[in-house]
Amino acid sequence: KQNYTMQSGSGDERKQPSEPKQLCVVASDLDGTLLNSKHAVSEDNIAAMRRAANDVKAQVMLISGRMLACMLPYEAALGLSMPIVCFNGAMAVGPCEADDASAMDALEQLKARPMWYHAPVPKE
């Protein structure tokens, strides 16, 4: 895909290629987006997410209606520690700050991540 800017001068407008802008964030849903029909992350998607994180230096993150515990295996499959937005946006946590996050259970993971946002349903 080529980015374009419009140049105008004496009524003559031409499309000129512009420098591509730095990509900052790559956010992906799981179901129906990142996951295949077997509910797994394909090798192509793993490579693309890692390329975004490592080559492009984008902040890669997962977003889903799922619970945090249900998203952790996919984060591990990608081999990245990343921000996660879960519970249909009711919780957002930062990357895990522990060295060996893959060995941690969901509660330990939650304690090792900075809480960015949490809006639980109020008790009635």
Side-chain angles (χ1 to χ4, degrees):
K1 213 176 205 184
Q2 187 120 33
N3 295 323
Y4 288 96
T5 56
M6 296 298 287
Q7 272 188 336
S8 62
S10 66
D12 180 29
E13 291 191 359
R14 296 170 295 189
K15 288 187 173 186
Q16 297 292 327
S18 65
E19 292 296 318
K21 294 184 180 181
Q22 180 65 36
L23 185 62
C24 298
V25 176
V26 174
S28 179
D29 183 29
L30 292 176
D31 301 299
T33 306
L34 192 63
L35 304 183
N36 60 25
S37 60
K38 297 178 183 176
H39 302 285
V41 184
S42 72
E43 292 299 319
D44 288 342
N45 283 347
I46 290 171
M49 295 292 267
R50 287 184 180 167
R51 239 185 351 265
N54 299 324
D55 297 347
V56 182
K57 304 294 185 222
Q59 178 65 65
V60 177
M61 60 190 303
L62 296 177
I63 300 174
S64 179
R66 293 177 177 220
M67 301 181 306
L68 177 64
C70 296
M71 296 177 72
L72 296 177
Y74 300 109
E75 178 191 44
L78 292 168
L80 300 169
S81 179
M82 62 186 79
I84 293 177
V85 177
C86 49
F87 294 108
N88 280 326
M91 180 184 284
V93 295
C96 188
E97 296 173 347
D99 289 334
D100 189 15
S102 60
M104 303 169 81
D105 67 23
L107 184 57
E108 290 172 320
Q109 279 257 0
L110 184 57
K111 290 177 183 176
R113 292 174 180 268
M115 181 70 65
W116 290 351
Y117 178 77
H118 187 218
V121 176
K123 294 180 182 180
E124 294 184 305

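Note that the structure is predicted; figures quoted are calculated from it, not measured.
- Contact annotation: the side chain of Met67 never approaches that of Met91 to less than 4.5 Å [non-hydrogen atoms, C-beta and beyond].
- Minimum heavy-atom separation, Val26 to Ala52: CG2-CB, 3.9 Å.
- Taking all atoms of both residues into account, the shortest heavy-atom contact from Met49 to Leu80 is O-CD1, 4.1 Å.
- Formation of a donor-acceptor pair under 3.5 Å by the Arg50 side chain with backbone atoms of Leu78 is found in this model.
- Looking only at side-chain heavy atoms (C-beta outward), Tyr74 and Leu34 stay at 4.5 Å or farther from each other.
- With hydrogens and angles disregarded, a donor-acceptor distance shorter than 3.5 Å links the side chain of Ser81 to the backbone of Cys96.
- Placement of Trp116 and Val60 in two distinct hydrophobic clusters is found when ILVMFWY residues are connected by side-chain heavy-atom separations under 4.5 Å, directly or transitively.
- Of all heavy-atom pairs spanning Pro114 and Pro95, the tightest one is CD-O, 3.4 Å.
- Taking every heavy atom of both residues into account, Ser64 and Met71 meet most closely at CB-CE, 3.6 Å.
- Considering OG of Ser28 and CE of Met61, their distance stands at 11.0 Å, rounded to 0.5 Å.
- Closest non-hydrogen pair, Pro73 versus Ala69, comes out as CD-O, 3.4 Å.
- Annotation: the span from Glu108 atom CD to Leu72 atom CG amounts to 11.0 Å, rounded to 0.5 Å.
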Would you give me the side-chain donor-acceptor pairs under 3.5 Å for residues 82-89, sequence neighbours excluded?
none

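- Each salt bridge (charged side-chain N to carboxylate O under 4.0 Å, His left out) pair with one or both residues in residues 27-40, not counting sequence neighbours, appears once here: Asp31-Arg66.
- For His39, the NE2 atom is loosely surrounded, since the number of other residues' heavy atoms within 6.0 Å does not exceed 12.
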